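Lettering follows sequence order; numbering is per chain, from 1. None of the values given here were measured: they were computed from a predicted structure.
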2 protein chains.
Amino acid sequence: MKNKRKTTIKDIANVLNITPSAVSRALHNHPRISDKTKIAVKKVAKDLDYQPNHLASALRSGKSKLVGIIVAKTNSYFFSSVVENIEYELNKKGYNLIITQSNESFDKECRNIDALLQTQVDGIIASLANETVNFDHYNKIKEKGIPLILFDRGENDIGVDYVGIDDYQSSNIVVNHLVEQGCKRIAHIAGYSHTRIYKNRIRGYKDALKKHGLPEEEELLLEGSLSIEDGRAKMTELLKLSILPDAVYAAGDYAALGALQVLQEHNIKVPEQIALVGFSNEPFTSLVSPSISSIYQHNKEIGKLVAKQFLLRVNDKNYKPVLHKTILEPELIIRDSSRKLKS
Amino acid sequence: MKNKRKTTIKDIANVLNITPSAVSRALHNHPRISDKTKIAVKKVAKDLDYQPNHLASALRSGKSKLVGIIVAKTNSYFFSSVVENIEYELNKKGYNLIITQSNESFDKECRNIDALLQTQVDGIIASLANETVNFDHYNKIKEKGIPLILFDRGENDIGVDYVGIDDYQSSNIVVNHLVEQGCKRIAHIAGYSHTRIYKNRIRGYKDALKKHGLPEEEELLLEGSLSIEDGRAKMTELLKLSILPDAVYAAGDYAALGALQVLQEHNIKVPEQIALVGFSNEPFTSLVSPSISSIYQHNKEIGKLVAKQFLLRVNDKNYKPVLHKTILEPELIIRDSSRKLKS
DNA sequence: ACCATTAAGACAAACGTTTGTGCAAAACTT
DNA sequence: AAGTTTTGCACAAACGTTTGTCTTAATGGT
């Protein structure tokens, strides 16, 4: 049985009769160390299977090489693929991710932030919970002086870097598409308007209607949590209208799915009688029948951009008050649920 | 602007004219510290907004309070809900999770393990990638002396704690159910038999057939990756048989979904002509139509048990070579895809 | 051959805790 | 009242790095 003790920088120093500081510098390619000793140090390090102690270096340097992530649910294709790409990019630079879930709860989000700050993360990347309307906790992050990047669910009020798609434009694209398919009475199952992205989708929806000369009717715009159940409830409500809509645009795929279920239960043909469009391009949209048209948010791209932005910030010693808001163009994936015209 | 410096244990000591060690002990409720000073210390700590420096304590004590998680994909309902419950339980004890994904790649899994070990995690909880057949990396964890718990995809060869369901029994339940529905020619879209859980499902399938006096036919047993595409391919193959099966049992929900798609494209009625059962109870199984029957693996329970087992190990100073394998009873959720008899 | 540079590394302090030991005073013994 | 135990804390080292400053030897210029 070998000795359990891990080899440290000191052990290497002893072997070569130099000091630990020289070893440390050699391993970091410090210019003041000769190439000869650098090579020697690295060889011994390899021979002794030296593994740097992150905790020690973190303590001394103040950098933990850990990045905190906060999302609503990892269990969503959008979030998990964004995170996957962040992880890929940041791993390359030696960072590890601590992933936490807020479960859409403001309280849990606060606790997560505290936990992450305690773990001395070098930065935090987050997408806000639906409940979140108070940003004191995020200011705590800024006060700590570590970078904070928001994506998808962001907020303009706290001056902070952001990466997401153009929600206003998304609605525009959806409405354009539906009008093109001949729809004239387009309903919108919306998210709560206190969340910025949903507010923008609503604005985009309204403006697009106006642009096409369609009247904006109260009864066709319903706010909710966008869960499956919510989608079902909202669709049921819409079916009670004296004049039915000929299209439904849901601000979330799960809500769209709920709506689809209700439509099918009422034997309403999709898209012939009512066309349907969702949002986020969750995988199931292409699996159900009819497949659901949806807005693709460039998940991979968002992940990469967030990572890039984080690296920029974390390497930026002199605090630059320049904000970076990166807005991507959304893309509508047209599927059967909204394809009335056979092209 | 307040001074940026975080308050340390020393600051508290200075305020009260005691030593840092006394403060540390007071905060940890050491018996050798009087209640009076304990209260005083805690008060000052609160007043000064003292946040313990985890890195420092980790360095000194050797415990980082971080736990590494390795799963194939966070983006799967089963994994994400297991992890959610692990997180919930371990957070209560002051642990934070570092979640990594292997993406079913052996290589990535090894890199993840190395990264986690470098970050000085106090333990690792993992579910093996499909590719993994070599366990040297897991032995590295054991050599380090930190606990390792496997769940779902485990392996008997490395002596290690495990939590999962009884896969053999699962197949039994499925076949019993299908036979009950009147099926006599049951196909199995299986996972690769080099993975233990899939091997057991195959064994269970074969034995159950035997038990019911049904012949075991080569052409009805097809191994694959269990992706949607794989499910489609395997179902297409099955449809080429001269005598069609009257039931298909897929060892994964995605494969079941792929099979369902193919069946519907061929206008084969499910379950009337061919019944279908999946595995894992992914949410979409209840969303598609017909809804897919599936095996529920007690996600929440697994998470809780894994956490419990981890805590047991991590607090166990004297290495106990007693292995804990926890096996849960699977539960078949019967839905439309296999309900031939109207009950 | 003398002074000025530069190169290569030594030295030591520091990061914020935890922890074993030491030591005085207080509290029990008898 | 003297001895013994207990209580409450001080002292200092240690965890493994990183980093600012100092020292010495080598190099260069004239």
J.: Round to a whole Å and report the spacing from NZ of Lys36(A) to P of dA8(C).
T.: 10 Å
J.: Over 60° means perpendicular and under 30° means parallel, so tell me whether Phe310(A) and Tyr95(A) are parallel, tilted or perpendicular.
T.: perpendicular
J.: Leu16(B) has an atom CG; how far is it from atom P of dG8(D), in whole Å?
T.: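 Result: 16 Å.
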J.: Can you spot which of Val23(A), Leu27(A), Val44(A) makes a side chain to side chain contact (heavy atoms under 4.5 Å, CB included) with Tyr50(A)?
T.: Leu27(A)
J.: Ile18(B) CD1 to dA25(C) P: how many Å, rounded?
T.: 19 Å
J.: Name the residue from Ile327(B), Leu323(B), Val306(B), Leu148(B) that meets the side chain to side chain contact (heavy atoms under 4.5 Å, CB included) definition with Tyr162(B).
T.: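 Exactly one candidate clears the test, Ile327(B).
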J.: Once each nucleotide of nucleotides 16-24 of chain D is scored for protein heavy atoms under 4.0 Å, what B/S/- sequence comes out, 5' to 3'?
T.: BBBBB----
J.: Counting N and O atoms only, with roles assigned by atom type, does the side chain of Ser105(B) sit under 3.5 Å from a partner on the main chain of Asp107(B), one being a donor and the other an acceptor?
T.: yes
J.: Would you give the length of the straight line joining atom CD1 of Ile86(A) to atom CD1 of Ile69(A), rounded to the nearest 0.5 angstrom?
T.: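 One gets 4.5 Å once the value is rounded to the nearest 0.5 Å.
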J.: Hey, does Asp11(A) reach any base, or is it just sugar-phosphate, or nothing, if we go heavy atoms under 4.0 Å?
T.: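 It contacts nothing in the nucleic acid.
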J.: Rounded to whole angstroms, how far apart are CG on Asp35(B) and C1' on dC9(D)?
T.: 14 Å
J.: Rounded to the nearest 0.5 Å, what separates atom CG in Asp152(A) from atom CD in Gln297(A)?
T.: 5.5 Å
J.: Expressed in angstrom and rounded to an integer, what is the separation of His30(B) atom NE2 from dT7(D) atom P?
T.: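 Whole-Å distance recorded here is 12 Å.
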